[in-house]
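Worksheet: the structure to be examined is printed underneath.
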Amino acid sequence: MASYLARRLLLMLPTLVGITFLVFMLVALSPGGIGAGLRFAGGQMEASKRAQQEAYLEDRYGLDDPAVVQYARWLGRISPIKIGPSDLVAPDGETIRPPRETKPPPMWAWFAPKLPSPAAAVRAEGVAPADRASAYRRAAADYATVRAASIAANAVLQQALAEYARSIGRPDAVSPKGKIRASRLASQTPDRSSPAWPAAERAANAALAAYAAASDARARLRAAFDAGPYPKSGVAILPGVRLAWPDLGVSFSRGRPVLDLIGRALPVTLLLNLLAFPIIYLIAIPSGMLAATRRGSWFDAASGALFVALWSIPTVWAGVLAIGFLANDQYLGLFPVTGLHDPAAQAATFLPSTHNGRWQPGYLLDTLWHLALPVSCLVYGGFAVLAKQTRAAMLDNFNADYVRTAKAKGVAGRDIVIHHVFRNSLLPLITMFVTVFPATLAGSVVIESVFSIPGMGSLILDAINLRDRELILANTLMVAAVNLLALLLADVLYALADPRVSYA
Amino acid sequence: MTSTTPTAAPLRAAVPAPAPPTPLLRVEGLGVSFDNGAGPRIRAVDGAAMSVFPGQTLAVVGESGCGKSVTAMSALQLIPRPPGRFDSGHIYFRTARLGASGTPIRADAERGEREVDLLGLPERDIRAIRGNEIAMIFQEPMTSLNPVYTVGDQIVEAVLLHQPVGPSEAAEIARQAMADVGIPDPARRMRAYPHQFSGGMRQRVMIAMALACRPRLLLADEPTTALDVTIQAQILELLRRLQRERGMAVMLITHALGVVAENADVVCVMYAGRVVEYAPVLDLFDRPLHPYTRGLLTSIPRMGARRDRLVTIREVVDDESQFTGLGTGLRPWWPWHDPPLGVAGGQSCLVEVEPAHFVGVWRTESAAARAAGGAPCLPHLAQRAG
Amino acid sequence: MTAVPSVSGVELARGIGVAPARGFWEDAWRTVLRRPAAVLGISWIALVALLAIWSPILANGHPLWMRETLADGSARASSPLWEHLSAVDLLLLALGTVGPAWMLLPGRRGPRLGWLLAAGAHAALVVVVCAVASAYTGQRDAPDWARRLDLAPWFPWATAGVASLVLAAGLAWLGRVRGRGLVALAVLAVVVAAIGAGRWKSPLTRYDYAEREAAGSVRATYTLIPFSPDQTDTSMYVTPPGARSVGGRTHLLGTDPYGQDVLSQMLHASRLSISIGLVSTGLAVTIGVTVGALAGYFGGVVDLTLQRIIEVFMAIPVLFLLIVAAGVLPPELRSTYVMMAIIGCVTWTGAARFTRAEFFKLRNQDFVQSARALGLPLRSILFRHMLPNGVTPVLVDASFAVAAAILAEAVLSYLGLGPVGQPSWGKLLSSGKGATGTFVWWLAVFPGLAIFLTVLAYNLVGEALRDAIDPKLKKARV
């Protein structure tokens, strides 16, 4: 069993990589691309300022690299096995990576014979750790400033080059976003007589100077990094290979670590599902069994019709009607309309209590009261599907040979139903979990959106609307992992329930 | 139906019978039909009659779909209803177990036994009979055991149902039952699941389960059809041994005539839901009277008999001349032929054409006069197995 | 003995009490029709399909008939409704009236169904070509050559005519049409081309008839529901059912937050609901069957690879993928056709799994071996010999998939990720919650009910179909 589990868990990895890649490429290849939400931020800025701002943001989040490179970088960050120079962990828990290169100015070969090489930095040896840390922090702040200047200078050069390209009649060398397509111009000798050339040359000189400063600063920062101002992250298992916690990155739309966001949203979604599932199974199995044992009776016919009807009710409709008629103050107003808690409940006791002579529902009851409608909306569909399947599985087994054997032994009807028929019907019911769980998980996204519950559903919808790369990838990863683990659980349960299946 | 069953005159008069033995099980005029969706109901059994005496082996022979399994399953009310339905007839069984709730048909005060109609028994009473007095084993040992329980559990379940014992005693009885059917290392094998047994071993488990409560009648529904030839022989030998040791009656349902020849005392040949011939095994093999039986026997390949090709049943029954010679006014019943003039509703009946040799004929006037009133009874053969 | 007449096995074999044998599908279909629930379902779907075809005539803000007094005192009669019908409307009306009538004529129906399907496919493709060409040349920042084409009077006729003739020729070649068939195809091509070119661009719409009537310059006769789905009325925001607008016309099911008539939108949205379910499921089945057939037939490395792909698609719930795929598209790209493609491309895994399992069973059977031994091409083995034997579970599943696709469209529309530029039941439903938190019951109840009934109808038909086919499958497997 252990080796089977290990194999299944290992097989999950390529699937997880596959699904995150698929989703990421969908986002990356769509019109607008990744981080489209970011670009609208500086609405009224003047064009050059805006280009510099965008260039800075793109650089910061690595958005100017090809999509596949961005994905590979993300994969490297979430991989628990790290190869190469190890990251450091600052005392506040922030992961510090080796400083990144600064990009050279576009088309620099037109303006300079070679790129300025960084001045050799002195490696600080034998300095106290506290001093090394402060030296690192100084160098980091320094590099950030100079690098930003270099990027801004590059952006100015971009615009100047674009202007130049248009002036020499090559608008095709300018991308729709106003960037220069270096490969289309690289083979040409520059036309120095163009009216746009002097401006480009000025911008290039500024960019080259900024680049030189940036690469100097980077070399100093690298030296400060290599001096080891902070402890290394993770555990070394082989030379050059370390084991470290996956890093899900920082959401660019919310500016907070993705793990924090998911850490708040996932429990809510799981709570919804974990409440819904026992209820689904507890209602579905008895009603399916009852329908099967009374095959052809009015109960069977009525419950069958009810199951199909319930199964056909769109979740959004049920949710909107439930809110409208049951929760909204316009009509009954029995339940809270939105959210997971009453604002007041946060301060209240967990269990019901009396405060100042007034009865308070407490945190638990308040949460349950808020969850009543969402969970009901989540339950009815899965319940109907499962009850139908229970009935079908029971009917299949009623005609099985071993049921005839049990009858021939003189086993009473009820014992046959429970001992023989139901015990065997459990197997297809466990298999059904594979269908019901993803559907319910997806259903909870809709339910969360309808009832404004801050779970994974709303997180994912926001992430997609804002093209927040980190959030989308992390959400996909989480949902897929939860889903795949649930399916694995179903397989393990199946093996436990059916002696014929062995995963030894 | 009346209880006046025609008793054949003893063939071998050397057997003195102080009181004529009474049959353990009598099937009389049984009719069972099944719902067929939109079409008319299908009559699977259409007036079958037979009887089994204590210690006797009755072989019911016929091709697939002739109603032999349905007859046996009707005795335990194992026919799913609906779609099945008992249209007519009775299956009488002699038992001492049923209390006041049973429906006595005929009381035998001397032995404390009464005859009850199994078809009419309420669910509670038939459950007391099933597995306890009448046990049944089935054709498919592969699927007849519940895959999710150990075989020990399944035998213990039967023991606990019918015997006033605790779980540990029941386990001991189950172990003994498995040892009796020749399963090696029964204490360990009890904890195994059905899929861990071979087909032959599974059938042994089925037999152990059926016989754990020492039934008086065993309905064996093609117990060896799904098994290898060598395993078949072992299983049949096992059944014979257990029958001898326990004095149990067996209704052996099969379509293998070799099995019949070796195991049966009396043979009942069925076709299309009716009995076509009913006779002691030697008489039947020596002098088959119904054309269908004759076809059945000629179609068996024989060692030493050199033939270019086998004769099919069809070739025999298509031969009009085969349908004569039973005697005046008697014409063998054959559903593929139209009934002779004067036979209402295609009715047939069993007539004792020769002593202790019954043949199914069209119910003409002269046949009706000689018809057996209830189930054909061959009591003298009851002693043979005992 | 028995009240119901009964027969014995031999009598059955002799032909007594035997119903005449029918084909597999005919038998299954008859079994389905014996279930009242399934008949109700089929009737509802047929009703929605009828409404989908007739909706532009049933509900339209343009008058059916209008008599205009011009400035010089002369009168002019016209039918604005007819002038505003789009090419799709006209083709659907033509096919939707001729088709069923033709199918109801006695005689062999198979070839006629084939002809209808071919005509439908031809018309649909021509319309799509025309729509794309017209949209590209008509866009604001089109290149100069495109803009010049847009102004050329011959361009619509040339595009529609060439597209129609080429497609018709393709159909003739594919279906090996000869003789009178060719003539019929030519007539079809000309009619479709005329419709496509004649309705190249939709005329500018202004629903100012009420004002003009009030001014006395116009006398208009309206159809049953005198509102178009895109006709906004600024004085009628969120009015309850039965509200009367200017000119005394009643909004039977009220209006939405844009002042648009709910009933009219619902009627026009039925076209989307019918088509999105069928087209996306058709696409999903096509992809799934192809992938599943290849995986099941070849096994080995092909199967392993395709299985991994299927697993990747199944790693997260379908709805997530749908939300991502629809969410990354900017609204102007989320047309009905794109949504159909998205739903189809995301939901194909079920069909692939069913087909793969069936083909695994089939590939070692004798008829497949013999087809291979005969040297038949792979395409023929896969799709002519194996597919008809293995497609039944896929088809049963497909009717549930249609229901699921309609639900998916509703959910996506509710989340604001649905098709843009067309009324949809889901979109109406989403406006029922109200932006300010007030609940608008008529916007929630009626569209929701329409979705529910349609989904229910497909599920009922699917259930009946499965019950009719399943026992046969079991029997066949024994």
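Here is how names work: the chains are called A, B, and so on, in the same order as the sequence lines, proteins then strands, and each is numbered from 1. Only a predicted model underlies this, so the values are computations on that prediction, with no experimental measurement involved. Atom set for the values below is all heavy atoms of this structure, side chains included, hydrogens, waters and symmetry mates excluded.
- For the residue pair C/S431 / C/D256, no side-chain donor-acceptor distance below 3.5 Å is found, with atom types taken as modelled.
- Each of C/L319, C/L407, C/L429 has some count of heavy-atom pairs under 4.5 Å with chain A, and the biggest count is that of C/L429.
- Ranked by heavy-atom pairs shorter than 4.5 Å toward chain C, the options A/L26, A/V482, A/L16, A/V320 are led by A/V320.
- Between C/Y136 and C/W145, the two ring planes are tilted [angle within 30° to 60°].
- Neither the backbone nor the side chain of C/A403 has a heavy atom closer than 4.5 Å to any heavy atom of chain A.
- Your options are C/V411, C/V324, C/L329, C/L460, and the one with the most heavy-atom pairs under 4.5 Å with chain A is C/V324.
- Interface remark: C/V318 contributes no atoms to any contact with chain A (heavy atom separation under 4.5 Å).
- Of the possible polar contacts, none joining the A/R467 side chain to the A/V27 backbone as a donor-acceptor pair under 3.5 Å is found.
- Of the two parts of A/V446, only the side chain, counted from C-beta on, holds a non-hydrogen atom closer than 4.5 Å to a non-hydrogen atom of chain C.
- Looking at C/L417, only its side chain comes within 4.5 Å of chain A, counting heavy atoms on both sides.
- Using a 4.5 Å cut-off between heavy atoms, A/V308 touches chain C through backbone and side chain atoms alike.
- Proximity to chain C involves both the backbone and the side chain of A/I313, based on heavy atoms less than 4.5 angstrom apart.
- The aromatic rings of A/F277 and A/F437 sit tilted, their planes meeting at an angle between 30° and 60°.
- No hydrogens or angles considered: nothing links the side chains of A/S312 and C/Y458 as a donor-acceptor pair under 3.5 Å.
- Taking the side chain as every heavy atom from C-beta outward, C/P393 and C/D397 never approach each other to under 4.5 Å.
- Looking only at distances, no side-chain donor or acceptor of C/S413 sits under 3.5 Å from a matching main-chain atom of C/A410.
- Looking at C/E463, only its side chain comes within 4.5 Å of chain A, counting heavy atoms on both sides.
- Inspection of the C/S273 and C/T454 side chains reveals no N or O donor paired with an N or O acceptor under 3.5 Å.
- Between A/W317 and C/L449, some side-chain heavy-atom pair lies under the 4.5 Å cut-off.
- The parts of A/T476 that come within reach of chain C are both its backbone and its side chain, each placing non-hydrogen atoms under 4.5 angstrom from that chain.
- Heavy atoms of C/L415 lying under 4.5 Å from chain A belong exclusively to its side chain.
- Both the backbone and the side chain of A/V450 come within less than 4.5 Å of a heavy atom in chain C.
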